[in-house]
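As structure tokens, the structure follows; a few thoughts come after it.
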Amino acid sequence: MSERNGAAEQESPAETDRTAQAPHGNERAERRSGALGSLDPVAAYERRTTRIREEIARNRRGEYTVPTWVLALALAAVIGLWALVLFVL
């Protein structure tokens, strides 16, 4: 493993602080245990921030994939330009 990869895998001080501030599993379970647990804005915020952090971590590891709609849009643009050049010019 190179020095660059080793440094990237270590947690930064900011990440360590965030994990120390995050509520423990028991606190989350208590918050979601009610009938309105899925409507709890705090729990929804936590789920969203967790998903965003996980996605950023995946992207940093190189697991980034281009969404299908972006690829379809790029293909349509290329075909459209090709048709424009072929039939109009």
Handout entry: L86-L84 co-clustered via ILVMFWY side chain contacts under 4.5 Å
Key =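 In one cluster: no.
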
Practice task
Answer with yes or no whether the hydrophobic clustering places V66 together with W69; edges join I, L, V, M, F, W, Y residues whose side-chain heavy atoms lie under 4.5 Å apart.
Solution key: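 Yes: a chain of side-chain contacts under 4.5 Å links V66 to W69.
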
Problem - Set of residues satisfying side chain to side chain donor-acceptor pair (under 3.5 Å) with respect to R58, sequence neighbours excluded - result: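 For R58, no residue satisfies side chain to side chain donor-acceptor pair (under 3.5 Å) once neighbours in sequence are set aside.
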
Problem - Separation of T65 OG1 from N59 CG (nearest 0.5 Å) - result: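 It is 8.0 Å, given to the nearest 0.5 Å.
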
Problem - Pairwise distance CD(E55) to OG1(T50) - rounded to 0.5 angstrom - result: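 With rounding to 0.5 Å, CD (E55) is 13.0 Å from OG1 (T50).
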
